Amino acid sequence: MTRTSQLGNRASTVLGRRLGAELLRLRDAASKTQQQAADVISATNSKIVKMERGWVPMRDPDIRALCEFYGLEDRKAVARLLDIARLDRERRKAKGWWQESPHPGTLSEYIALEDAASRIRTWQLSLIPGLFQTAEYARSVTVTEGVGVWEDPDEIERLVGIRMRRQERLRDERPLQVYAVIWEAALRQLIGGPETMRVQLEHLLEVAEYPNVRLQVLPFRAGGHPCISGPFTVISFAETEAVDVVHADAIASTVWVENEAESAAYGAFFERTARLSLAPHDSVSLIDTIRQEI
C-alpha cells in the first residue's frame, strides 16, 4: 500500500504503521484472532485494530505479551520491535533529536526510520545523497538553488546541522550500510558553484572508501533505465522478517511504501538500475575525472 504520511500526535506514523504491520504478520502466522490478542493484554478488540493499523502508541508490556503469545522467541527481534515502539512514542511526543528541524513533518519520520535501520539503498537523479553531502553543498541545496522553502538563516543552519548529524551513522559503532546509485547528472550539476561542487566531489571520493558504503554511478551512456521516473530510498532493518519501507519525495508531497510486495518491487528496480551502472571502481574514476574537469 502506498500512503502519504500523516502528521500530528494522534495520527498514525510510519513507525507506528510498521510496528503494527509486524504485529499483524505475527498474529496471522500464529493463527490467532484479534479477540484472542485483546484478551492477552486485557484490552478491547478495537485496541488491537488500532495497534495493528499504527493509530496508537504501544506500551512495551503489551508488545512483549503479544510477542510471547504469537510465539516469537527471538530476543533480538523482540528488542527491535520495542526499539521501534520507543522511537514511535518519541515521534508522537516530538522528542527525537531530529525534531530540531524547523519543519520536522515527514523529515523527522524519515530520520527516525533511518536511525533504526541497518541498511539503505538510495537512488538519486539530480542530487548527491544527503548522507554524503558536505555542509556547504547542503546549504546551497536549501538556499541558493531554490530547492528549499526556507529563508531564515537560523532555520537553514538547523537543517544543515541535522543533515550533518545524520551522517554520524556512517561512522558510529553500528555503522549504517549504504548502497547508493547516482545518475551522472548529479555529479555534473554545479550546486553552489564550481568550488562547492569540487569540494563535494572530493568528499564523495572519501565516502566511497568507507567499508560500509557502496557507491555506483549510472552514466549518461546507459540510456533508459528502470528508475528514470524519480529518486527513492529503500530502508531495511536488521531482522530478516522485517518489511522494507520505501521513501519517495515528490515536488509537493512525500510517499511512503510499506507493503511487502511493493517494497520488493522498488528493490528490484534499484538492483536492475545498479546492474546498468558502473562498477564501484569505475564510478570512483568517473567522479574523479569530473572533479578534475571542474
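All of these numbers come straight from a predicted model, not from anything done at the bench.
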Can you list every salt bridge (charged side-chain N to carboxylate O under 4.0 Å, His left out) pair that touches residues 271-289, not counting sequence neighbours?
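Residue pairs with at least one partner in residues 271-289: R121-E271, D288-R291.
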
Quick one: which residue pairs count as a salt bridge (charged side-chain N to carboxylate O under 4.0 Å, His left out) with a foot in residues 224-236, not counting sequence neighbours?
none

For R27, what residues pass the salt bridge (charged side-chain N to carboxylate O under 4.0 Å, His left out) criterion, not counting sequence neighbours?
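Partners of R27 by the salt bridge (charged side-chain N to carboxylate O under 4.0 Å, His left out) criterion, ordered by chain and then number, come out as E52.
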
Residues which pass salt bridge (charged side-chain N to carboxylate O under 4.0 Å, His left out) with E168, listed by chain and number, not counting sequence neighbours
none

Has the side chain of [X] got a donor or acceptor atom that lies under 3.5 Å from a matching backbone atom of [Y]?
{"X": "R139", "Y": "E157", "value": "no"}
{"X": "R53", "Y": "G16", "value": "no"}
{"X": "D244", "Y": "A264", "value": "no"}
{"X": "R169", "Y": "A117", "value": "yes"}
{"X": "Q167", "Y": "Q133", "value": "yes"}
{"X": "Q216", "Y": "A274", "value": "yes"}

I'd like to know if [Y] and [X] are part of one continuous hydrophobic network [Ile/Leu/Val/Met/Phe/Trp/Tyr, side-chain heavy atoms within less than 4.5 Å].
{"X": "L276", "Y": "L125", "result": "yes"}
{"X": "L24", "Y": "L72", "result": "no"}
{"X": "L286", "Y": "I182", "result": "yes"}
{"X": "M51", "Y": "V40", "result": "yes"}
{"X": "V217", "Y": "I228", "result": "no"}

With a 4.5 Å heavy-atom cut-off, do [X] and [Y] have their side chains touching?
{"X": "E68", "Y": "R64", "value": "no"}
{"X": "Y179", "Y": "F270", "value": "yes"}
{"X": "L176", "Y": "E114", "value": "yes"}
{"X": "I48", "Y": "L23", "value": "no"}
{"X": "E136", "Y": "V199", "value": "no"}
{"X": "V207", "Y": "L215", "value": "no"}

Which residues share a side chain to side chain contact (heavy atoms under 4.5 Å, CB included) with T233, sequence neighbours left out:
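T233 satisfies side chain to side chain contact (heavy atoms under 4.5 Å, CB included) with Y110, I120, T122, Q124, I235 once adjacent residues are dropped.
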
Holding to side chain to side chain contact (heavy atoms under 4.5 Å, CB included), I want the full list of residues that pass it with T44, two or more places apart in sequence or in another chain.
S46, K47

Minimum heavy-atom distance [X]-[Y], with the two atoms named:
{"X": "V56", "Y": "D88", "value": "O-OD2, 4.5 Å"}
{"X": "P129", "Y": "A180", "value": "CG-CB, 4.2 Å"}
{"X": "S118", "Y": "F237", "value": "OG-C, 3.2 Å"}

Report yes or no: is the cationic atom of R188 (NZ for Lys, CZ for Arg) closer than 6.0 Å to the six-membered ring centre of F220, at no more than 45° off its axis?
no

Does NZ or CZ of R171 lie under 6.0 Å from the centre of the six-membered ring of Y210, at an angle within 45° of the ring axis?
yes

